[in-house]
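Below is one structure, written out as structure tokens; the observations come after it.
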Amino acid sequence: MWWNRQPDRDDGFVYKLLPVLISLSVVAVLVVLSAGFFRTFEQRDAVSQLTREYLLIMETEGYLSQARQEELLSSLEKAGLEQVSLEGSTLSPVSYGDRISLCVSGILPQGILGQGILSWELPVSVSLSSTAKQ
């Protein structure tokens, strides 16, 4: 064992290279894990941006129309959100100055090294409100 080595004996090639290989392996694992976590933040940000964009549209139209609902759902699915719900959103026309809200909730499936290894589901909920300006 290395703790019983003779002090006059020179280290072999493996003993000199082993710390470097272990360090490179740890760095590679950390890079892969951080890439997966940053992807999660990007997806969450994309959902928030889409929600804000459609709230601005709702301000001018007074509500979230059926056509806009379909566009929003399609955009959210492209962003990776699954099981999308718009419960709590203003889906019928309101008068000028009335409160409108857009509530988006769903699940972002996450995984590192594919969906089979280290995978989980991240619940996402974004609720925004404003006033109708149509």
Side-chain angles (χ1 to χ4, degrees):
M1 294 293 162
W2 59 272
W3 57 84
N4 292 331
R5 289 185 307 140
Q6 301 292 333
D8 59 340
R9 195 170 142 190
D10 191 24
D11 287 339
F13 177 72
V14 173
Y15 284 113
K16 290 179 182 177
L17 190 61
L18 192 59
V20 174
L21 292 176
I22 290 172
S23 299
L24 288 175
S25 299
V26 168
V27 168
V29 168
L30 289 175
V31 166
V32 169
L33 290 175
S34 66
F37 289 124
F38 284 124
R39 183 174 150 251
T40 302
F41 292 127
E42 288 175 2
Q43 285 180 313
R44 174 69 169 87
D45 190 46
V47 170
S48 295
Q49 286 178 338
L50 283 168
T51 305
R52 177 68 182 143
E53 178 183 330
Y54 277 86
L55 181 70
L56 292 174
I57 293 171
M58 288 174 66
E59 285 179 356
T60 57
E61 294 181 356
Y63 71 110
L64 188 62
S65 65
Q66 184 64 34
R68 295 290 186 184
Q69 284 181 44
E70 292 171 8
E71 289 175 15
L72 175 59
L73 293 174
S74 174
S75 298
L76 289 170
E77 287 177 5
K78 287 179 186 175
L81 194 65
E82 295 179 354
Q83 301 176 14
V84 181
S85 172
L86 298 176
E87 186 175 332
S89 299
T90 305
L91 304 177
S92 58
V94 296
S95 302
Y96 175 83
D98 286 347
R99 209 80 184 134
I100 56 171
S101 61
L102 180 56
C103 303
V104 174
S105 61
I107 294 175
L108 281 174
Q110 300 297 311
I112 298 173
L113 300 175
Q115 293 297 331
I117 302 172
L118 292 175
S119 62
W120 66 95
E121 293 180 338
L122 178 68
V124 174
S125 179
V126 180
S127 296
L128 299 174
S129 63
S130 185
T131 56
K133 297 172 177 71
Q134 84 285 7

Where is the tightest heavy-atom contact between [X] and [Y], given as atom of each residue plus distance?
X      : Y      : answer
Ser101 : Gly88  : OG-O, 3.0 Å
Leu50  : Ala79  : CD1-CB, 4.3 Å
Val94  : Ala132 : CG2-CB, 3.7 Å

Point to revise | Partner residues of Glu71 under the side chain to side chain donor-acceptor pair (under 3.5 Å) criterion, sequence neighbours left out | key: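 Side chain to side chain donor-acceptor pair (under 3.5 Å) list for Glu71, sorted by chain: Tyr54, Arg68.
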Exercise for review: Tell me, please, which residues at least two apart from Ser74 pass side chain to side chain donor-acceptor pair (under 3.5 Å).
Suggested key: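 Result, side chain to side chain donor-acceptor pair (under 3.5 Å) vs Ser74: none returned.
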Review point. Roughly how far, to the nearest 0.5 Å, is the CD1 atom of Ile57 from the CG atom of Leu72?
Key: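 Going from CG on Leu72 over to CD1 on Ile57, the span is 8.5 Å.
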Exercise for review: Can you measure from OG (Ser75) to CG (Leu81) and round to the nearest 0.5 angstrom?
Suggested key: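 CG of Leu81 is found 11.5 Å from OG of Ser75.
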Check your understanding: Would Leu56 and Val104 show up in the same hydrophobic cluster when neighbours are defined by side-chain heavy atoms closer than 4.5 Å?
Key ->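 No; Val104 is not reachable from Leu56 via cluster members.
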Exercise for review: List the steps and the verdict of side chain to side chain contact (heavy atoms under 4.5 Å, CB included) for Leu55 and Leu64.
Suggested key: CA-CA 8 Å; Leu55 181 70; Leu64 188 62; over 6 Å; no
Review point. Are Thr131 and Arg99 linked by a side-chain donor-acceptor pair shorter than 3.5 Å?
Key: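 Judged by distance alone, the side chains do not pair up.
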Practice item. Tell me yes or no: between the side chains of Ser48 and Arg44, is some donor less than 3.5 Å from an acceptor? Key: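 On atom types as modelled, these side chains qualify, holding a pair under 3.5 Å.
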Check your understanding: Is any side-chain heavy atom of Glu82 less than 4.5 Å from a side-chain heavy atom of Leu108?
Key ->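 SC-SC contact between Glu82 and Leu108 ruled out.
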Exercise for review: Hey, could you give me each pair passing side-chain hydrogen bond (donor to acceptor under 3.5 Å, both in side chains) that has a residue in residues 84-97? Not counting sequence neighbours.
Suggested key: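 Every pair satisfying side-chain hydrogen bond (donor to acceptor under 3.5 Å, both in side chains) with a residue in residues 84-97: there are none.
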